[in-house]
Number of protein chains: 2
Amino acid sequence: MEKDKFVWPEGIKKTKLRKKVIEILQNAKFPMSAMEILSAVKEDESPVWISTIYRILEIFAEKDVIIKTSVIENGTAVYELNKHEHTHYAVCIGCHKIIPMENCPIHAFEPKMLENDFHVLGHKLEMYGYCKNCYPN
Amino acid sequence: MEKDKFVWPEGIKKTKLRKKVIEILQNAKFPMSAMEILSAVKEDESPVWISTIYRILEIFAEKDVIIKTSVIENGTAVYELNKHEHTHYAVCIGCHKIIPMENCPIHAFEPKMLENDFHVLGHKLEMYGYCKNCYPN
DNA sequence: ATTACTGCAAAGCATTTGCAGACTG
DNA sequence: CAGTCTGCAAATGCTTTGCAGTAAT
């Protein structure tokens, strides 16, 4: 299993900051919030602003190379590289870690709802609970 | 099938505003945001503030008679009476209407994830797409 | 009469936007 | 050097909090 090579999208400039953001996301085990990315970036560099991080994430998301996921639990969006997989997440109530799941039960699921003729485009599934570090006792 | 009688929780005062909020939620077809509830309340009454609505919703949610659901799509929370049912939602991309679904595919679903020993307490499932009014063409 | 509740103002947090100077191709 | 990026400041949208006067038991 070879690691995907990241393809820099056309028409957007390669700046030090953008390269760093991508690098951070490449090394990230879990989806990260803008704030977390900012902290990771700031380690060495001169001043970086959260608004710039948001702009970078937004432009990469538009180019479809990263995925923005808004997690229900705390209203904060998290970002990860788009590996073109269908993924859902488990969210730890204790430490707020977001853990991707590898399977999805929604294939061939026929939702029944009050409103007929709802045209389903996609779905989000989120499990919540405790990760092994946070599980009480 | 008889309509659930709403049981006023102990230890909280019956004010005109609170009764009105509950009444609005009893008549609501779909979960409502604080803003929508405010609009519904304001029809006749003297000034009502959104912070008060939030406080009312919060206290009822604590008492477990209403349910707060934060929807992924736009980060806005919606509220509905707690009918003690397990429910998921479909969200319209066009008008942001939130439509409860009557079935759930997650029973007996065994999530596989990178982190073993994740202790699942519950889940959220959200379908998105277009309701019949918003479906393009 | 207590204590809880509400109007109102202001703060908080994640995110977005505007602008002028700095950097990339 | 032209157009794109970024630092920075300020605005936005949803939600929360503080306080003092008002209403419910």
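Because only heavy atoms are used, hydrogens play no part in the values below, and waters and symmetry mates are left out as well, while side chains stay in. We name chains A, B, ... by the order of the sequence lines, and we start the count at 1 in each one.
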Rounded to whole angstrom units, what separation is found between the [atom1] atom of [X] and the [atom2] atom of [N]?
X: B/I53; N: C/dC5; atom1: CD1; atom2: P; answer: 15 Å
X: A/I59; N: C/dT16; atom1: CD1; atom2: C1'; answer: 15 Å
X: A/K42; N: D/dC8; atom1: NZ; atom2: C1'; answer: 13 Å
X: A/L57; N: C/dT16; atom1: CG; atom2: C1'; answer: 13 Å
X: B/I56; N: C/dC5; atom1: CD1; atom2: P; answer: 10 Å

Checklist line | Contact summary for A/K19 and A/K14, nearest pair of heavy atoms | finding: CE-O, 4.2 Å

Notebook entry, point to check: Taking all atoms of both residues into account, what is the closest heavy-atom pair of A/E10 and A/K63, and its distance?
Noted result: O-NZ, 3.6 Å

Next item on the list: Verify the contact: side-chain N or O of A/W49 to OP1 or OP2 of D/dT6, cut-off strictly under 4.0 Å; return yes or no.
Entry: no

Notebook entry, point to check: Given C/dA4, is OP1 or OP2 found less than 4.0 Å from the side-chain N or O atoms of B/R18?
Noted result: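 False: B/R18 side-chain N/O out of range (4.0 Å or more) of C/dA4 OP1/OP2.
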
Note to self: Are the side chains of B/I12 and B/R18 in contact, using a 4.5 Å heavy-atom criterion?
What the structure shows: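 Result yes, sub-4.5 Å side-chain heavy-atom pair found.
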
Name the pairs: protein N/O against N/O of nucleotides 22-25 of chain C, kept only if under 3.5 Å.
{"residue": "C/dT24", "atom": "O2", "partner": "A/K13", "partner atom": "NZ", "Å": "2.8"}
{"residue": "C/dG25", "atom": "OP1", "partner": "A/K14", "partner atom": "N", "Å": "3.4"}

With sequence neighbours left out, write down each residue that passes side-chain contact (heavy atoms from CB on, under 4.5 Å) with [X], or none if nothing qualifies.
X: B/W49; result: B/P47, B/S51, B/T52
X: A/I67; result: A/T69, A/E80, A/N82
X: B/K29; result: A/L114

Item checked: Pairwise distance CZ(B/F6) to CG(B/L81) - rounded to 0.5 angstrom -> 6.0 Å

Distance-only donor-acceptor pairs under 3.5 Å for side chains of residues 33-40 of chain B, two or more places apart:
{"residue": "B/S33", "atom": "OG", "partner": "B/E36", "partner atom": "N", "Å": "3.2"}
{"residue": "B/E36", "atom": "OE1", "partner": "B/S33", "partner atom": "N", "Å": "2.8"}
{"residue": "B/S39", "atom": "OG", "partner": "B/M35", "partner atom": "O", "Å": "3.0"}

Checklist line | Partners meeting ring-ring contact (aromatic ring centres under 6.0 Å, His included) with B/F60 (sequence neighbours left out) | finding: B/W8

Note to self: Let me check the geometry of the helix from C/dA1-D/dT25 to C/dG25-D/dC1. What is the bend angle between the axes at its two ends, five pairs each, to 10°?
What the structure shows: 30°

Notebook entry, point to check: Base, backbone or nothing for each nucleotide of nucleotides 15-20 of chain D, written B, S, -, heavy atoms under 4.0 angstrom, 5' to 3'?
Noted result: BBBBB-

Next item on the list: Check step by step if side chain to side chain contact (heavy atoms under 4.5 Å, CB included) holds for A/V65 and A/V7.
Entry: CA-CA 8 Å; A/V65 295; A/V7 181; over 6 Å; no

